[in-house]
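Since the structure is predicted, the reported quantities are computational estimates derived from the model, not experimental observations. All residue numbers refer to positions in the sequence shown, counting from 1.
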Amino acid sequence: MKQYYFIFCKSDLLLEVLPDGTYTIPYHSESPIQTKAWTHVMNISPMDDGIEVKTFKINNPSEIEDITKGYLQEGHSFEMCPLRQSYYKISKDLYNKAGKCFELIYWDQNSQFCGVCGAPMKMHTDISKRCTNCGKEIWPLLGTAVIVLIHKDNEVLLVRAKNFRSDFYGLVAGFVETGETLEHAVHREVMEETGLNIGNLKYFGSQAWPYPCGLMVGYNADYISGDIHIQKEELARASWFTKDNLPKIPEKLSIARQILDDWITNGPGHSSEIIK
């Protein structure tokens, strides 16, 4: 029976190049890469159409050269692609599943031993482990973050974080702290990073963010008061922009871009009720 094989080397994903030049995830009855005795092949929830999914990691890109079972002779070819860039090459459903696979591999690598007694952990279900000594069970954890587009008349606030690798501007964002609601985290992050008071908070949507194990929750909000005072440890710049003078903005794969595109097309956040 054919199934999808999501195969990673670090943060790169193995893609199959079809004869027409398009890309997909390897879909075969057996893995296109020979697994080793120690390879941990994980079972992942099936695709919506019921096709089964497996994932594992390889340690060296040279293993791609060891592709067996005659696939190359049959006209198949393969290449490695960074997970982020795969968004532009494969279907959204496959990209989303790739993200889940990557998160579970990351979790597997970082949960080898019990945090209570130090004994080895063993898979118990497809998404849980149990300690081989004390029986403690664990599940994958998500790093939940909030992200918000702040509106002031016909302008929006965009920020350039110090850790951005290129010269683009994004939205105010940050992780939710223990004991916080999502809404409180939005207000706190905006105040800490920019010194601004906001209101009329509206939920936009959420996005799994497998870099390496996040959940991004998006909002729109209105500027209420205050002058911009950036948190210099986090931000390099912050400024108000209109649709006519936007800087370089995030890639289309991100919820930040989705919120911005919605504003560019439809105006200030309009589709959700005010929640705080």
Side-chain angles (χ1 to χ4, degrees), residues 1-16 23-61 63-64 78-116 118-132 135-145 175-176 205-217 253-255:
M1 182 177 64
K2 288 186 175 181
Q3 50 202 334
Y4 283 115
Y5 286 89
F6 290 81
I7 302 169
F8 290 86
C9 181
K10 297 182 179 179
S11 61
D12 288 350
L13 173 65
L14 180 70
L15 300 183
E16 182 167 353
Y23 295 85
T24 188
I25 297 299
Y27 177 58
H28 301 281
S29 56
E30 295 181 323
S31 169
I33 295 181
Q34 188 70 47
T35 58
K36 307 293 193 300
W38 55 85
T39 303
H40 184 193
V41 180
M42 302 180 73
N43 295 314
I44 309 298
S45 57
M47 303 294 294
D48 289 342
D49 58 7
I51 295 176
E52 292 190 5
V53 173
K54 293 186 181 296
T55 190
F56 62 90
K57 69 180 183 72
I58 59 177
N59 295 320
N60 194 311
E63 294 183 47
I64 300 300
F78 301 84
E79 67 179 54
M80 300 301 292
C81 176
L83 179 58
R84 287 177 186 264
Q85 276 61 57
S86 72
Y87 173 86
Y88 302 101
K89 294 186 175 184
I90 58 179
S91 70
K92 185 176 181 181
D93 286 344
L94 289 176
Y95 168 77
N96 289 339
K97 187 63 72 172
K100 179 169 185 175
C101 291
F102 184 72
E103 291 195 50
L104 286 170
I105 288 174
Y106 177 82
W107 167 71
D108 180 45
Q109 291 178 302
N110 288 276
S111 57
Q112 296 294 305
F113 300 96
C114 179
V116 174
M121 300 296 289
K122 183 178 180 180
M123 295 297 296
H124 180 56
T125 69
D126 288 346
I127 56 169
S128 71
K129 290 185 177 184
R130 177 178 288 173
C131 177
T132 55
K136 178 179 174 59
E137 294 188 32
I138 61 170
W139 290 262
L141 297 177
L142 288 175
T144 305
F175 285 101
V176 180
S206 62
Q207 178 185 39
W209 193 246
Y211 303 106
C213 55
L215 174 67
M216 300 291 290
V217 185
L253 81 163
S254 67
I255 192 171

Open item on the list: Nearest 0.5 angstrom please: Leu94 CG to Met47 CE, how far?
Closed with: 4.5 Å
Task: ring pair (Phe, Tyr, Trp, His ring centres under 6.0 Å) against Phe102, all qualifying residues, sequence neighbours excluded - done: Phe8
Task: Thr132 side-chain N/O to Pro120 backbone N/O, donor-acceptor pair under 3.5 Å - done: yes
Open item on the list: More than 12 heavy atoms of other residues, nucleotides or ligands under 6.0 Å from CG of Leu141: yes or no?
Closed with: no
Open item on the list: Could you work out, with salt bridge (charged side-chain N to carboxylate O under 4.0 Å, His left out) as the rule, every residue matching Lys10, not counting sequence neighbours?
Closed with: none
Open item on the list: Closer than 3.5 angstrom, by distance alone: can the side chain of Thr55 be matched with the main-chain N or O of Met42 as a donor-acceptor pair?
Closed with: no
Donor-acceptor contacts under 3.5 Å from residues 109-116 side chains, at least two apart:
unit_1, atom_1, unit_2, atom_2, d
Asn110, ND2, Tyr106, O, 2.8
Ser111, OG, Trp107, O, 2.6
Ser111, OG, Lys129, NZ, 3.1
Gln112, NE2, Asp108, O, 2.4

Task: Leu253 atom CG, neighbour heavy-atom count above 12 within 6.0 Å - done: yes
- [ ] Using ring pair (Phe, Tyr, Trp, His ring centres under 6.0 Å) as the criterion, list what pairs up with Tyr23, not counting sequence neighbours.
- [x] none
Open item on the list: Ring-plane angle category for Tyr27 and Tyr4, please: parallel below 30°, perpendicular beyond 60°, tilted otherwise.
Closed with: tilted
Open item on the list: Please enumerate all residues that pass salt bridge (charged side-chain N to carboxylate O under 4.0 Å, His left out) together with Glu52, with sequence neighbours excluded.
Closed with: none
TODO: Quick one: pull up CZ in Arg130 and CD in Glu137 and give me the separation to the nearest 0.5 Å.
DONE: 4.0 Å
Open item on the list: Among residues at least two apart in sequence or on other chains, which ones pass ring pair (Phe, Tyr, Trp, His ring centres under 6.0 Å) with Tyr88?
Closed with: none
